[in-house]
Amino acid sequence: MLHLAAGMSRLGTETAFEVLARAEALSREGRDIINLGIGQPDFKTPPHIVEAATKALHDGHHGYTPSPGILPLREAVAADIRKYRGVEVSPERIVVVPGGKVTMFFAILMFGESGAEILYPNPGFPIYESVINFTGAKAIPIPLVEEKDFSFDADTVLNLITERTRLVILNSPANPTGGAVPKQEIDKLVAGLAKRPDVAILSDEIYSRIVYDGHPHTSLLAYPELADQLIMLDGWSKTYAMTGWRLGYAVWPAAIADKAARLSVNCHSCVNAATQFAGIAALEGPQDQVDEMVRAFDKRREVIVSGLNGLPGVTCRNPGGAFYAFPNITGTGMDARTLQNNLLEEVGIATVAGTSFGAFGEGYLRFSYANSVENIQLSLDRLATFFR
Ligand code: PLP
């Protein structure tokens, strides 16, 4: 019998990957499965980005790079932040890592230990709670409620902060709810957080470019009073349809950026070189394909939200960002996991139970609308037949 470290028994997972594996297994058996489970754009990475990576390989960029990322990439990130967030950030504060998840892992490892408390959104991206538990810190949920369109309430968050709080995790636009927090709520929260400079903040802004109805994304980076406590996570996965490339970055407080780079040296040394050149091309190249993708998501959002609201026992809020609908399914009489399994095995639709995103996700199901309008419509037809 091997003696695993205790933390291993506390490590959770991301059920979306299990659903994907099961959906693929059913497809191999010849079943017709529509995948509304996995959270990744169904678009291809724009060709000029792919070309930049192949060029880098042909040009001989085959070796290690500086651990936090090559300087031209970090400069391109700084320029992108200036363009989309209106903030000046020094490249020294930027650490490039293999995907958004790595920043999350590093930030939680840096602050999590027994006796510490870490606040995280629930329902929320499941890796937050998983890694907090892994470190031995106490995971304190910030409940996100449907009545507020799954936005958090600044007073609720501030009231959860204690002397033991080390890190507060925020995510807007959010997975799995699509909730986007209004600026006035963020203003209020920032005013409170700035009074606790000993508390770090991880703002997961991976869906920053996928917002609707003309509402701009509010970045926590735009609040200079938080500069010494804020870790702002973003990346290429969702914006440029690059989930498989594994490329992300964070802006760290100047005093601990070297600690993030040190974790990188201990873990993966650096992101693979060709991918970093692809990352520069993505940021500096034309953005029309990003805009087109968001327009396509917006159209699908309309189709799925109105379709879900037409089903018996189902009600769905209009998500403000990302590409997820998170309907309330309590009226169907089934719990989230039962409905998820029934839809996959009997109806041929992959979705993810709300409980995969935390205990407060019971009564909800996540539909990723990163799929064609035709497939979304077909799913809605199948759902209508199933519920009747
Ligand atoms: N943060 C959130 C809220 C996400 O939904 C995801 C992916 O689904 C990530 C981070 C991770 O992104 P990446 O694939 O770049 O690691």
Side-chain angles (χ1 to χ4, degrees), residues 14 16-17 20-21 24 35 37-81 84 91 94-107 125 127 171 173 175 204-210 232-251 260-261 263-265 267-294 296-297 322-323 368 370-371:
E14 192 180 347
F17 282 94
L20 179 67
E24 283 177 352
N35 198 339
I38 194 78
Q40 66 178 342
D42 54 322
F43 298 92
K44 293 284 171 223
T45 305
H48 69 277
I49 301 176
V50 178
E51 272 159 32
T54 51
K55 180 174 185 308
L57 287 173
H58 287 302
D59 288 351
H61 293 287
H62 303 166
Y64 293 123
T65 76
S67 188
I70 55 175
L71 187 58
L73 177 58
R74 288 187 290 144
E75 285 172 343
V77 169
D80 183 81
I81 289 171
Y84 288 104
I94 296 164
V95 179
V96 176
V97 284
K101 258 182 185 166
V102 179
T103 293
M104 193 182 292
F105 194 65
F106 284 3
F125 191 55
I127 300 307
N171 171 220
N175 179 5
D204 182 341
E205 303 185 11
I206 198 101
Y207 297 102
S208 63
R209 295 278 295 280
I210 307 174
M232 196 286 290
L233 176 165
D234 202 342
W236 287 255
S237 295
K238 318 286 174 175
T239 309
Y240 299 101
M242 290 177 71
T243 52
W245 293 72
R246 311 311 300 136
L247 188 62
Y249 74 84
V251 178
L263 280 168
S264 290
V265 171
C267 177
H268 55 263
S269 297
C270 61
V271 172
N272 92 64
T275 293
Q276 296 191 45
F277 285 89
I280 299 175
L283 299 179
E284 293 183 345
Q287 302 294 305
D288 45 330
Q289 276 161 297
V290 179
D291 299 337
E292 259 170 50
M293 187 176 73
V294 176
F297 284 146
F323 38 71
S368 159
N371 207 321

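Count residues from 1 along the sequence.
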| message | The test is side chain to side chain contact (heavy atoms under 4.5 Å, CB included); show your working for Tyr249 and Ile81 and say whether it passes. | response | CA-CA 11 Å; Tyr249 74 84; Ile81 289 171; 3.9 Å; yes

Please list, one pair per line, the donor and acceptor atoms closer than 3.5 Å that link side chains of residues 68-76 to other protein atoms, with sequence neighbours excluded.
| residue | atom | partner | partner atom | Å |
| --- | --- | --- | --- | --- |
| Arg74 | NE | Gly69 | O | 3.1 |
| Arg74 | NH1 | Pro91 | O | 3.2 |

| Are the side chain of Trp236 and the backbone N or O of Gly279 linked by a donor-acceptor pair below 3.5 Å? | yes

| query | How many angstroms lie between CE in Met293 and OH in Tyr240, if you round to the nearest 0.5 Å? | reply | 9.5 Å

| Ser67 side chain to Cys270 main-chain N or O, any donor-acceptor pair under 3.5 Å? | no

| field | Interatomic spacing from NZ in Lys101 to CG in Asp204 - rounded to 0.5 Å | value | 11.5 Å

| request: Please step through side chain to side chain contact (heavy atoms under 4.5 Å, CB included) for the pair Phe277 and Glu51, ending with a clear verdict. | output: CA-CA 10 Å; Phe277 285 89; Glu51 272 159 32; over 6 Å; no

| said: Rounded at 0.5 Å granularity, tell me how far CZ in Phe106 sits from CG in Leu263. | reply: 5.0 Å

| query | Checking side chain to side chain contact (heavy atoms under 4.5 Å, CB included) for the pair His268/Val97: CA distance, chi angles, key distance, verdict? | reply | CA-CA 9 Å; His268 55 263; Val97 284; 4.1 Å; yes

| Where Asn35 and Ile38 come nearest, the two heavy atoms and their spacing | OD1-N, 3.4 Å

| To the nearest 0.5 Å, how far apart are CG in Asp80 and CG in Leu283? | 5.0 Å

Do any side-chain atoms of residues 56-66 form donor-acceptor pairs under 3.5 angstrom with protein atoms, and if so which ones, sequence neighbours left out?
| residue | atom | partner | partner atom | Å |
| --- | --- | --- | --- | --- |
| Asp59 | OD2 | Lys55 | NZ | 2.6 |
| His62 | NE2 | Leu57 | O | 2.6 |
| Thr65 | OG1 | Gln276 | NE2 | 2.9 |

| query | About how many Å separate CD1 of Ile206 and OG1 of Thr239, when rounded to the nearest 0.5 Å? | reply | 7.0 Å

| query | Considering all heavy atoms of both residues, which atom of Pro98 and which atom of Val271 are nearest to each other, and what is their separation? | reply | N-CG2, 3.4 Å

| remark: For Lys238 and Gly39 the tightest heavy-atom approach is NZ-O, 2.8 Å

| query | Taking C-beta and beyond as the side chain, do Arg246 and Ser237 meet within less than 4.5 Å on heavy atoms? | reply | yes

| note | In short, Thr103 meets Ala250 closest at the heavy-atom pair CG2-CB, 3.4 Å

| said: For the CD atom of Gln287 and the OH atom of Tyr84, what is their distance to the nearest 0.5 Å? | reply: 4.0 Å

| task | Provide the closest heavy-atom pair for Ala241 versus Phe43 in the form atom of the first, atom of the second, distance. | result | CB-O, 3.6 Å

| request: Assign the ring pair Phe323 / Tyr207 to parallel, tilted or perpendicular, where the plane angle (0 to 90°) is split at 30° and 60°. | output: perpendicular

| Of all residues at least two apart in sequence or in a different chain, which pass the side-chain hydrogen bond (donor to acceptor under 3.5 Å, both in side chains) check with Asn171? | none

| task | Kindly indicate whether the side chain of Phe125, heavy atoms from C-beta on, has any atom under 4.5 Å from the side chain of Met104. | result | yes

| Val95 and Ser264: which non-hydrogen atoms are nearest, and at how many Å? | CG1-OG, 4.1 Å

| task | Could you go through the side chain to side chain contact (heavy atoms under 4.5 Å, CB included) check for Phe105 and Cys267 one step at a time? | result | CA-CA 11 Å; Phe105 194 65; Cys267 177; over 6 Å; no

